[in-house]
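To start, the structure itself, in structure tokens.
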Amino acid sequence: MTMRQNESAGTGQELALKMAKQFPGHDWVAELAAHSGKSRDFVEWHLQQEMPPPAEIASAAVAMLAAASRPDEREPDRSGALLTEDDLPFSGLPGNLGKLHRD
């Protein structure tokens with residue numbers, strides 16, 4: 001679900017839902033604040049309202065959503081890639097644990 005440059009962002013709540021769906025697990029609010037030139041508090045307040053967000057927030061959101069829909073700017077698909085040590089949830093464990101041996 002992406003928005004075009006001429007498409008309305010809808011209410012702040014609708015925009016927040018679109019952004020959350022497009023950027024799961026990402027701090028898109030901070031990025032939206034940076035792109036719009038507004039403070040995070042200002043952006044968060046407008047995303048909770050049942051009225052259209054200011055033009056700066058709406059245009060920044062449209063640009064972010066448009067950039068995310070272009071395949072050349074997305075993160076690479078790593079679905080078939082092997083996990084590295086940094087990807088593992090237990091990467092902070094000492095390296096000398098090794099395999100457990102049955103006595």
Side-chain angles (χ1 to χ4, degrees):
M1 173 184 303
T2 60
M3 296 188 319
R4 297 192 179 127
Q5 290 291 353
N6 59 359
E7 188 177 338
S8 171
T11 68
Q13 292 175 348
E14 292 169 343
L15 178 60
L17 290 173
K18 289 176 189 175
M19 297 293 284
K21 185 176 182 180
Q22 183 67 39
F23 302 103
H26 182 70
D27 189 6
W28 55 268
V29 177
E31 193 172 333
L32 184 59
H35 285 280
S36 67
K38 301 295 182 184
S39 72
R40 184 182 181 107
D41 289 339
F42 183 85
V43 171
E44 285 179 347
W45 186 86
H46 281 284
L47 292 175
Q48 296 174 17
Q49 304 309 309
E50 291 185 15
M51 62 184 192
E56 298 91 350
I57 295 173
S59 62
V62 168
M64 286 175 62
L65 290 167
S69 68
R70 282 183 255 144
D72 57 330
E73 293 190 19
R74 286 190 202 154
E75 289 189 26
D77 179 21
R78 297 181 63 189
S79 58
L82 295 175
L83 295 177
T84 66
E85 186 176 296
D86 293 333
D87 294 331
L88 298 174
F90 302 111
S91 63
L93 292 176
N96 63 350
L97 286 180
K99 293 184 179 180
L100 297 176
H101 297 283
R102 185 178 267 172
D103 290 331

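Keep in mind that what you see is a predicted model, and the values were worked out from it rather than measured.
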- Query: From His46 NE2 over to Gln13 CD, what is the distance, rounded to the nearest 0.5 angstrom?
  - Reply: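 Answer rounded to 0.5 Å: 13.0 Å.
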- Residues in salt bridge (Lys or Arg N to Asp or Glu O under 4.0 Å) contact with Glu56, at least two apart in sequence or another chain: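 Applying salt bridge (Lys or Arg N to Asp or Glu O under 4.0 Å) to Glu56 gives none.
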- Item | Contacts of Asp41 that satisfy salt bridge (Lys or Arg N to Asp or Glu O under 4.0 Å) - sequence neighbours left out |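 Once residues adjacent in sequence are excluded, Asp41 has no partner under the salt bridge (Lys or Arg N to Asp or Glu O under 4.0 Å) criterion.
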- Does any N or O in the side chain of Glu14 come within less than 3.5 Å of the main-chain N or O of Thr11, such that one atom is a donor and the other an acceptor?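 Side chain of Glu14 to backbone of Thr11, a donor-acceptor pair under 3.5 Å: yes, one is there.
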For residues [X] and [Y], determine if any side-chain heavy atom of one lies less than 4.5 Å from a side-chain heavy atom of the other.
X     : Y     : answer
Glu31 : Asp27 : no
Val29 : Glu44 : yes
Ser36 : Phe42 : no

I need the minimum non-hydrogen distance between [X] and [Y], along with the two atoms involved.
X     : Y     : answer
Lys18 : Leu65 : O-CD2, 4.4 Å
Pro53 : Ala58 : CG-CB, 4.3 Å
Ala60 : His35 : CB-CB, 3.7 Å
Leu32 : Ile57 : CD1-O, 3.7 Å
Met64 : Phe23 : O-CZ, 3.7 Å

- Query: In chain order, what residues pass the side-chain contact (heavy atoms from CB on, under 4.5 Å) check against Ala34, with sequence neighbours excluded?
  - Reply: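 Scan of Ala34 (side-chain contact (heavy atoms from CB on, under 4.5 Å), adjacent residues dropped) gives none.
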